[in-house]
Each structure stands twice: as structure tokens, then as C-alpha cells.
S.K.: 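Take a look at the following structure, please.
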Amino acid sequence: MARKTKPVTWYMTTPADGIIELSRQAGTPVSLPDAVGQVIDHPNPCANKWFDESRFSYFRMVKRVGEALEDTGIWPAIWPVRLWIVEPVGDAGNWSHQHYPYRLVAHQIRVLEETDPWPALGAGGREVLDVIHEQIPERALRWAADWDADPEGMEEWRRNWRLCGTRDIGRGEWAQAVADMTAYASRESAAQRWAEQLATDTVDRILAAIGFSEDAVHYARRRAAELTVAAQHQARLSPYVLDALRGVRLDAASAVAA
């Protein structure tokens with residue numbers, strides 16, 4: 001019996017107004033909400049397929065939703081974004097099937113529907129958003145206060161966390177490398193970069209009007225990014241790695257110092 005091929009779902013990401021950001025920057029805005037159910041043509045397609053004759057030479061789509069925030073022209077990181085399911089129409093291509101097997105470019109697309117945006121932040125996207133919106137605002141204040149209460153002690157604890165593991169918890173530097181490799185293997189590198197940026201931006205916003213030291217803010221930013229990465233990969237990594245990313249030993253050290 002012949003094996004059935006699973007249908008491929010292709011994704012595109014836009015800002016909240018639904019306009020493809022690269023098309024906006026090129027001066028030829030393309031609105032996906034206005035085209036649901038329709039086929040749309042690229043307003044200024046490249047003559048030589050598939051070369052970047054401009055920043056917006058073709059429509060870009062991905063079949064791995066965790067990479068849907070890559071190469072969109074949207075930066076700095078924002079939330080919410082809008083996630084769209086599309087399909088290529090006519091000729092389509094790829095720069096390198098070896099290095100970018102999850103990407104596709106085309107001059108025509110059909111806009112099928114809008115879908116929930118959280119998968120763009122990875123399989124743990126809901127948990128990532130919970131950390132960013134519900135946990136980091138409170139924790140950022142505590143992290144920064146812990147640092148400024150004992151800068152030398154916290155710097156030593158942070159160094160030990162980064163370079164030294166224990167029987168139950170891995171060293172932080174290694175745990176971050178494991179998370180990076182996991183994101184790459186799962187095709188969620190773009191999701192991880194975006195989530196980290198959202199987390200650090202949240203810290204900056206929370207601490208902006210408070211007189212913490214620059215080092216304290218930097219510490220809070222790193223803790224926020226690491227906690228967010230742990231949320232993204234919590235179903236894939238062991239507690240040995242996750243507790244390092246969550247800073248369990250650093251929180252314990254702060255509690256002892258207090």
C-alpha cells in the first residue's frame with residue numbers, strides 16, 4: 001500500500017495590521033487580510049528566479065512554523081504578530097534545499113486563512129507568552145534588587161552558575177548551548193531569538209523608571225531570556241538542563257543572602 005504524503009502547511013507572518021512588512025518597506029504594501037481566499041500576485045517580482053533583486057523580490061514562506069519569524073523584515077521584535085496559512089501558486093523555488101529545506105519562495109500565493117500566532121514562538125509558545133506577560137514583570141524587579149543588594153556576591157554566584165554544575169543541575173553556559181542546539185534541530189531558532197528579545201524588552205520596560213544599576217538590569221535581562229528559553233523547550237529538555245536555565249541555584253543563593 002502506497003504511503004500517503006502528509007499535506008504541507010506553509011506559513012507567513014505579518015505585523016498586527018496584516019501587511020507583509022517587506023512589501024511595506026519596498027513601497028508596495030500587500031495586505032493579507034484583504035486577500036483571504038484569493039490568489040495574489042507579487043507587485044514587483046524578480047526577473048531572475050530566485051535572486052534578491054530587492055528586499056522584496058518574492059513571497060517568502062516556511063513550512064516549519066517555529067521559523068515563521070525569520071527574515072520577515074519585522075524588527076525589533078513585537079507581539080502580537082499575525083500568522084497566516086498560505087500556499088504557493090505556480091512556479092516556486094528555494095535558495096538551497098540542503099540548507100533551507102523548510103523555506104519556499106514564489107511570485108504568487110493563495111491566502112488560505114489566519115491562524116493562532118503563538119506557534120510562531122515554538123511548540124511551547126503558550127508557555128513562553130505566560131512567562132513574558134505574567135512572570136517576568138514581577139521577577140525582573142526581584143532579580144535587579146538581588147543584584148544591587150550584593151553585586152560582588154551575585155557576580156560570583158553568576159560565574160559559578162555559568163561555569164560549574166552540580167549533580168542535579170547543569171552549568172548554565174552548557175545549558176544555554178543545549179537549548180540553542182535544540183532550537184536548531186527543532187527548526188525553532190527564529191522562535192527562540194524572538195522570545196528572548198520579547199523577554200529582554202519586557203525587562204527594559206519594567207525597570208526603565210527605577211534606579212537600578214546597569215549591571216542589575218543586564219542580570220535581569222539575562223535571567224528573563226533564560227527563563228523564557230526554558231519555557232520554550234520544557235517538553236524537550238530534562239530537568240537537569242531546565243533547572244539550570246531557570247536559575248534555580250541563583251534563586252537559592254539570593255534566598256540565602258536575604
Side-chain angles (χ1 to χ4, degrees), residues 8-123 125 128-129 132 183-184 186-202 232:
V8 175
T9 302
W10 296 98
Y11 300 93
M12 294 180 69
T13 308
T14 69
D17 63 5
I19 294 175
I20 299 172
E21 183 60 30
L22 290 175
S23 74
R24 189 200 321 271
Q25 296 173 11
T28 54
V30 176
S31 173
L32 297 189
D34 295 338
V36 173
Q38 302 175 28
V39 173
I40 53 177
D41 296 319
H42 194 285
N44 187 25
C46 57
N48 298 299
K49 300 176 182 178
W50 300 95
F51 288 92
D52 282 310
E53 297 171 354
S54 70
R55 280 284 286 144
F56 184 51
S57 293
Y58 34 71
F59 295 115
R60 307 160 189 245
M61 63 205 89
V62 297
K63 63 181 177 182
R64 300 301 295 266
V65 68
E67 299 292 358
L69 291 164
E70 178 186 31
D71 200 22
T72 62
I74 307 171
W75 196 259
I78 58 172
W79 196 266
V81 296
R82 297 174 76 174
L83 187 64
W84 304 87
I85 297 176
V86 301
E87 65 180 9
V89 176
D91 195 15
N94 188 314
W95 308 306
S96 167
H97 288 287
Q98 177 182 357
H99 298 292
Y100 301 99
Y102 58 92
R103 303 194 67 172
L104 199 69
V105 297
H107 286 161
Q108 283 185 314
I109 58 171
R110 179 178 287 106
V111 184
L112 299 180
E113 62 178 332
E114 183 175 5
T115 188
D116 291 334
W118 65 262
L121 293 175
V128 166
L129 291 172
I132 291 170
Y184 178 79
S186 305
R187 295 296 185 193
E188 291 188 4
S189 293
Q192 181 171 310
R193 286 192 299 271
W194 205 269
E196 288 176 319
Q197 189 64 49
L198 290 175
T200 56
D201 286 350
T202 299
Q232 180 184 348

S.K.: Please list, chain by chain and in numerical order, all residues satisfying salt bridge (charged side-chain N to carboxylate O under 4.0 Å, His left out) with E196, sequence neighbours excluded.
M.R.: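 Partners of E196 by the salt bridge (charged side-chain N to carboxylate O under 4.0 Å, His left out) criterion come out as none, since no residue qualifies.
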S.K.: Not counting sequence neighbours, which residues clear side chain to side chain contact (heavy atoms under 4.5 Å, CB included) with A16? List them please.
M.R.: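 A16 satisfies side chain to side chain contact (heavy atoms under 4.5 Å, CB included) with no other residue.
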S.K.: Could you tell me which residues satisfy side chain to side chain contact (heavy atoms under 4.5 Å, CB included) with Q197, sequence neighbours excluded, listed by chain and number?
M.R.: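 Applying side chain to side chain contact (heavy atoms under 4.5 Å, CB included) to Q197 gives W75, A77, T200, D201.
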S.K.: Is the side chain of W194 donor-acceptor paired with the backbone N or O of I78 at a distance under 3.5 Å, no angle test?
M.R.: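 Judged by distance alone, yes, a pair lies under 3.5 Å.
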S.K.: Is the closest side-chain heavy-atom distance between C46 and Y58 below 4.5 Å?
M.R.: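 Of all side-chain heavy-atom pairs linking Y58 with C46, at least one is under 4.5 Å.
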S.K.: Kindly write out the residues that satisfy ring-ring contact (aromatic ring centres under 6.0 Å, His included) with W79, not counting sequence neighbours, or none if the list is empty.
M.R.: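 For W79, no residue satisfies ring-ring contact (aromatic ring centres under 6.0 Å, His included) once neighbours in sequence are set aside.
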S.K.: When you measure from the side chain of D17 to the backbone of I19, do you find a donor-acceptor pair of N or O atoms at a distance under 3.5 Å?
M.R.: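 Side chain of D17 to backbone of I19: a pair is present.
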S.K.: Taking only residues two or more places apart in sequence or in another chain, which ones pass salt bridge (charged side-chain N to carboxylate O under 4.0 Å, His left out) with R193?
M.R.: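 For R193 there are no salt bridge (charged side-chain N to carboxylate O under 4.0 Å, His left out) partners, ignoring immediate neighbours.
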S.K.: Which residues pass the side chain to side chain contact (heavy atoms under 4.5 Å, CB included) test with A199, sequence neighbours left out?
M.R.: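 Partners of A199 by the side chain to side chain contact (heavy atoms under 4.5 Å, CB included) criterion, ordered by chain and then number, come out as I132, I136, A224, T228.
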S.K.: Report yes if the side chains of P101 and R64 come closer than 4.5 Å at any heavy-atom pair, otherwise no.
M.R.: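 The answer is no; the side chains never approach within 4.5 Å.
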S.K.: Ignoring hydrogens and angles, tell me if any N or O in the side chain of E21 forms a donor-acceptor pair with the backbone of P15 under 3.5 Å.
M.R.: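 Checking the backbone N and O of P15 against the side chain of E21, no donor-acceptor pair under 3.5 Å is found.
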S.K.: Just jot down the ring-ring contact (aromatic ring centres under 6.0 Å, His included) partners of H42, sequence neighbours excluded, or say none.
M.R.: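 H42 satisfies ring-ring contact (aromatic ring centres under 6.0 Å, His included) with F56, F59 only.
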S.K.: Under the rule for side chain to side chain contact (heavy atoms under 4.5 Å, CB included), what residues qualify as partners of L112, not counting sequence neighbours?
M.R.: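 Testing L112 for side chain to side chain contact (heavy atoms under 4.5 Å, CB included), a comparison that skips the adjacent residues, returns I85, E87, R110.
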S.K.: Suppose we screen for side chain to side chain donor-acceptor pair (under 3.5 Å). Which residues come up paired with W10, at least two apart in sequence or across chains?
M.R.: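 W10: no side chain to side chain donor-acceptor pair (under 3.5 Å) contacts found.
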S.K.: With K63, which residues qualify under salt bridge (charged side-chain N to carboxylate O under 4.0 Å, His left out), at least two apart?
M.R.: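 So K63 forms no salt bridge (charged side-chain N to carboxylate O under 4.0 Å, His left out) with any residue.
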S.K.: Using a 3.5 Å distance criterion without hydrogens, assess whether the side chain of T13 forms a donor-acceptor pair with backbone atoms of A68.
M.R.: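 Yes; at least one donor-acceptor contact below 3.5 Å.
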S.K.: Using atom types as modelled and distance alone, determine if a side-chain donor or acceptor of E113 lies under 3.5 Å from a backbone N or O of V36.
M.R.: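 Such a contact is absent between E113 side chain and V36 backbone.
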S.K.: Can you sort out the partners of D52 under salt bridge (charged side-chain N to carboxylate O under 4.0 Å, His left out), two or more places apart, ordered by chain and number?
M.R.: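 By the salt bridge (charged side-chain N to carboxylate O under 4.0 Å, His left out) rule, D52 matches R60.
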S.K.: Does anything in residues 73-83 form a salt bridge (charged side-chain N to carboxylate O under 4.0 Å, His left out)? List the pairs, not counting sequence neighbours.
M.R.: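 For residues 73-83, and leaving out neighbouring residues, the salt bridge (charged side-chain N to carboxylate O under 4.0 Å, His left out) pairs sorted by first residue read R82-E114.
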S.K.: Counting distance only, does the side-chain N/O of Q232 pair as donor-acceptor with the main-chain N or O of G122 below 3.5 Å?
M.R.: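 No, Q232 side chain to G122 backbone: no donor-acceptor pair under 3.5 Å.
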S.K.: For the pair S186 (side chain) and E188 (backbone), establish whether a donor and an acceptor sit closer than 3.5 Å, ignoring hydrogens and angles.
M.R.: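 Judged by distance alone, no pair lies under 3.5 Å.
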